[in-house]
Amino acid sequence: MTVRTRYAPSPTGDPHLGNIRTALFAWLLAKHNGGQFLLRIEDTDRQRFVEGAVEAQMETLRWLGIDWDEGPDKGGPHAPYTQSERLDIYQDHAGRLLASDWAYRCYCSSERLSEVRKAQQARKEPPRYDRHCRDLSAKDRAQREADGAPAVVRFKTPLDGETLTHDALRGEVPFANDTLDDFVILKSDGYPTYHLAAIVDDHLMEITHVLRGEEWISSLPRHVLIYQAFGWDPPVFAHVSRILGSDRAKLSKRHGAHAALTYREMGYLPEAIVNFLALLGWSLDDKTEIIDIDTLIGAFDIDRLLTNPAVFNAEKLEWMNGVYIRNLSPENLAERALPFLEGALGRPVDAQKLAQIAPLIKERIKTLKDVVEMAGFFFTEGPLDYEPELILGKKSFAGAPDRAAQALASVIAAVEALDDWNHEALEGAVRPLAEEMGVKAGELFAVIRVAVTGRTAAPPLFETMAVLGRDLSLERLSAARGLLA
RNA sequence: GCCCCCGUCGUCUAGCGGCCCAGGACGCCGCCCUUUCAAGGCGGAGAUCGCGGGUUCGAAUCCCGCCGGGGGCACCA
């Protein structure tokens, strides 16, 4: 049997890392088994629908390389893949349950329902539907229908016995039926609830493995009951744990980013995000951290999924992103970093020049966005903007602007005389100067560094100057000397 | 209130009865390399395996109880 999994978000907002990790696991499971992965939109709550949310879901998946074989945008043998376009299917299935006496119409008003709940809570009883309409007489029922009373369809949960559920990660979990109530499967507006829609669709779409958040575990017996009522075989269920914030609370905006796409804006590589997410609740072995996508697909195994919640470790993600950046070719790094630089500069940047700089900065940046800080000075014309004190530093030249200015003059003279403007020649010309001045080479370099980069921490000095070119380097050196005079 | 899930270094994790007085990774601290910052190399601190009972020659690993954390109990998903 072909493995078929799905990601079925509701379009109520931007997908966050937890959603995406579940999608990733489902996708990996399908890929590992040569099966299919599908995208289904569960928009059965018209109140909570958020404009653009469907597109955000798809954009996130595309960014991460999680592709789907069937979905709302590309169709497939079980189209449509948007639940609001499948209403007749759910209504038909609710009708079947009504016909087989597995469901009944309920006319209770929401006012009555909340009063019942309130009373139950006051009596410290579990809040649940009191089954008021379950045993309505045929006469009463006919009367309500004749009155045109709005009605929902409720599932007729067995009053006793127990429902045995099975979770691939946790094993068998029995639920006593008397802890369950008669839940709504079709709302009065004709829309199905999750319980009906998800089960019907998973069956019709031939889903073999359902991976979803663990918040669904307590609904599992309801879902198993629905499968039984229809006489269908349930798929394999695996409930994935949550991702928590650093304070062990549910991941939210308070923990910085939680929408997956904001990591793209922050300069994270999709392959790093995928690798990192895969390792939250799953592991390859006892030591491997960096795992490319093909290895991930080849090794992914549902049995190695963990059931305990994982705290999101932003520092580790940052480290991992750095690893992936360092493994990028100069051209690739340049291509990916380009938008960030252009965005910050507000003008186009030469990709080739960036590629030339890439080797100098790749082990110094953790995110693509860091190029702005680390390499921005390569792309600005003329002198830089910095405090003159920065040039003097905290060592030999501290409080001695005259000496620093003199040193810069010597450097300018030595460097001006060079025939070839490359880093070996530059270093050959400048390094001996330090000894003549009686300062350590590093201290002299520090002065030059600030002059040409405007920063105390920068890529290797002479390689930087080589890329900067003769004119710009000399211009900045002179400007720095002028600043000290 | 009822039901369910979870509990190994700060964090992500390995472990599925002896290889573990618990291994790897991030972070942290040293040292080395070095023109700065990184990267890299080496080393270090860091876990009474939530607690208490059992079972066993032997338990992080199996069983029971407790505690702690989380989730669910909607005409939301």
Side-chain angles (χ1 to χ4, degrees), chain A residues 8-12 42-45 47-48 106 108-110 113-114 117 120-129 150-154 165 167 169-170 173-176 178-181 183-189 191-195 197-198 212-221 239 241-242 244 246 248-250 276 279-290 304 306-320 322-323 326 361-366 374 393 427 430-431 434 440-446 448-450 453 455-462:
Chain A
S10 62
T12 53
E42 309 213 322
D43 57 344
T44 54
D45 184 346
Q47 269 75 46
R48 295 206 306 154
C106 164
C108 294
S109 66
S110 49
L113 257 22
S114 65
R117 254 195 299 275
Q120 288 167 329
Q121 275 165 334
R123 273 177 273 135
K124 302 218 178 235
E125 283 171 20
R128 62 175 82 126
Y129 180 57
V152 300
V153 177
R154 288 184 183 272
T165 70
D167 176 274
L169 313 179
R170 284 161 260 256
V173 184
F175 287 83
D178 60 12
T179 63
L180 272 25
D181 68 353
F183 53 96
V184 174
I185 56 176
L186 198 68
K187 308 179 206 176
S188 56
D189 62 2
Y191 276 65
T193 61
Y194 172 89
H195 303 305
R212 59 188 350 184
E214 69 175 348
E215 65 272 20
W216 289 111
I217 228 174
S218 47
S219 297
L220 226 206
H239 292 87
S241 67
R242 270 173 190 293
L244 270 23
S246 45
R248 304 214 115 247
K250 224 168 104 179
F276 179 77
L279 255 23
L280 238 40
W282 182 85
S283 61
L284 177 62
D285 54 31
D286 58 342
K287 56 177 80 69
T288 313
E289 304 282 344
I290 304 300
R304 287 189 69 84
L306 260 24
T307 50
N308 52 313
V311 172
F312 177 73
N313 186 180
E315 294 78 36
K316 185 161 181 176
L317 204 214
E318 193 172 61
W319 161 77
M320 192 171 276
V323 173
R326 271 170 252 136
I361 61 168
K362 68 194 295 187
E363 61 248 352
R364 280 163 246 269
I365 57 175
K366 294 252 196 282
M374 194 56 70
E427 182 164 3
V430 174
R431 193 178 278 279
K440 284 186 183 164
E443 295 177 49
L444 210 215
F445 295 174
I448 304 170
R449 179 174 302 111
V450 173
T453 71
R455 307 165 44 89
T456 54
L461 183 57
F462 300 109

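Every chain is numbered from 1, with letters handed out A, B, ... down the list of sequences.
Looking at heavy-atom distances under 4.0 Å, A/L306 makes contact with sugar-phosphate atoms alone, never a base. Heavy atoms of A/R123 sit nowhere under 4.0 angstrom from any nucleic acid atom. Across all strands shown, A/F183 has no heavy atoms under 4.0 Å from either base or sugar-phosphate atoms. The residue A/R212 sits apart from the nucleic acid: no heavy atom pair falls under 4.0 Å. Within 4.0 Å of A/G213, counting heavy atoms only, lies no atom of the nucleic acid at all.
With P as the reference atom, B/C51 and B/G72 are 28 Å apart, rounded to whole Å. Using atom P as the reference point in both B/A14 and B/A59, the two lie 23 Å apart (nearest Å). B/U13 and B/G7 are spaced 14 Å apart, taking the C1' atom of each and rounding to whole Å. B/G53 and B/C3: their C1' atoms are spaced 27 Å apart (whole Å).
For the pair A/R431 CZ and B/U34 P, the interatomic distance rounds to 10 Å; values are reported in whole Å. A/E214 has its CD atom 15 Å from the C1' atom of B/C3, to the nearest Å. To the nearest angstrom, C1' of B/A38 lies 13 Å from CD of A/E318. For the pair A/L244 CG and B/G7 P, the computed distance is 13 Å after rounding to whole Å. Spacing between atom CG of A/L461 and atom C1' of B/U34 amounts to 14 Å, rounded to whole angstrom units. Going from atom CE of A/M320 over to atom C1' of B/C12 covers 9 Å, rounded to whole Å. In this structure, A/K362 atom NZ and B/C37 atom C1' are separated by 17 Å, rounded to whole Å. One interatomic measurement links the two molecules: CG of A/D167 to P of B/C3, which rounds to 20 Å at whole-angstrom precision.
In this structure, the side-chain contact (heavy atoms from CB on, under 4.5 Å) partners of A/D45, at least two apart in sequence or on a different chain, are A/Q47, A/R48, A/K187. Every residue meeting the side chain to side chain donor-acceptor pair (under 3.5 Å) condition with A/K316, not counting sequence neighbours, appears here in chain and number order: A/E289. Taking A/D178 as the reference, nothing meets the salt bridge (Lys or Arg N to Asp or Glu O under 4.0 Å) condition, with sequence neighbours excluded. Listed by chain and number, the residues in a side-chain contact (heavy atoms from CB on, under 4.5 Å) with A/A434 are A/V439, A/A441, A/L444 (sequence neighbours excluded). In this structure A/Y191 satisfies the side chain to side chain donor-acceptor pair (under 3.5 Å) test with no other residue, sequence neighbours excluded. A/F462 is linked by a ring-ring contact (aromatic ring centres under 6.0 Å, His included) to A/F445, counting only residues two or more places apart in sequence or in another chain. Under the rule for a side-chain contact (heavy atoms from CB on, under 4.5 Å), the partners of A/A8 that lie at least two apart in sequence or sit in another chain are A/R6, A/R40, A/E42. Listed by chain and residue number, A/E315 satisfy the side chain to side chain donor-acceptor pair (under 3.5 Å) test with A/N313 (two or more places apart in sequence, or in another chain). Every residue meeting the side-chain contact (heavy atoms from CB on, under 4.5 Å) condition with A/I290, not counting sequence neighbours, appears here in chain and number order: A/N275, A/W319, A/M320, A/V323, A/Y324.
The pairing partner recorded for B/A47 is none, the criterion being a Watson-Crick or G-U wobble arrangement whose two distances lie under 3.5 angstrom. Here B/U55 sits opposite no nucleotide as a Watson-Crick or G-U wobble pair (both hydrogen-bonding atom distances under 3.5 Å). Both distances falling under 3.5 Å, in either a Watson-Crick or a G-U wobble arrangement, place B/G1 opposite B/C73. B/C20 is unpaired under the criterion used here, namely a Watson-Crick or G-U wobble arrangement in which both key atom distances are under 3.5 Å. The partner of B/C26 is B/G10, judged by Watson-Crick or G-U wobble contacts that both fall below 3.5 Å.
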Quick one, give me the B/S/- string for nucleotides 72-77 of chain B, reading 5' to 3', where B means a protein heavy atom under 4.0 Å from the base and S means that only happens at the primed atoms, P, OP1 or OP2.
SBSBBB
Quick one: what's the B/S/- string for nucleotides 23-30 of chain B, heavy-atom cutoff under 4.0 Å, read 5' to 3'?
BBBBS---
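The residue among A/V323 and A/N308 whose nearest nucleotide of RNA chain B is located toward the 5' end is A/N308. Each of A/A310 and A/I217 was matched to the nucleotide of RNA chain B holding its nearest heavy atom; the match closer to the 5' end belongs to A/I217.
The closest donor-acceptor contact from the side chain of A/T165 to the backbone of A/V173 lies under 3.5 Å. The closest donor-acceptor contact from the side chain of A/K362 to the backbone of A/R326 lies under 3.5 Å.
Counting distance only, with no hydrogens placed and no angle test, the side-chain atoms of A/R449 and the base atoms of B/U35 include a donor-acceptor pair under 3.5 Å.
Residue A/H239 forms a side-chain hydrogen bond (donor to acceptor under 3.5 Å, both in side chains) with just one option from A/E214, A/R170, A/E215, A/R212, and that option is A/R212.
Within the 4.5 Å cutoff, no side-chain heavy atoms of A/T193 are placed close to those of A/T44.
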Could you list all N or O pairs between the protein and nucleotides 67-69 of chain B that sit under 3.5 Å apart?
none

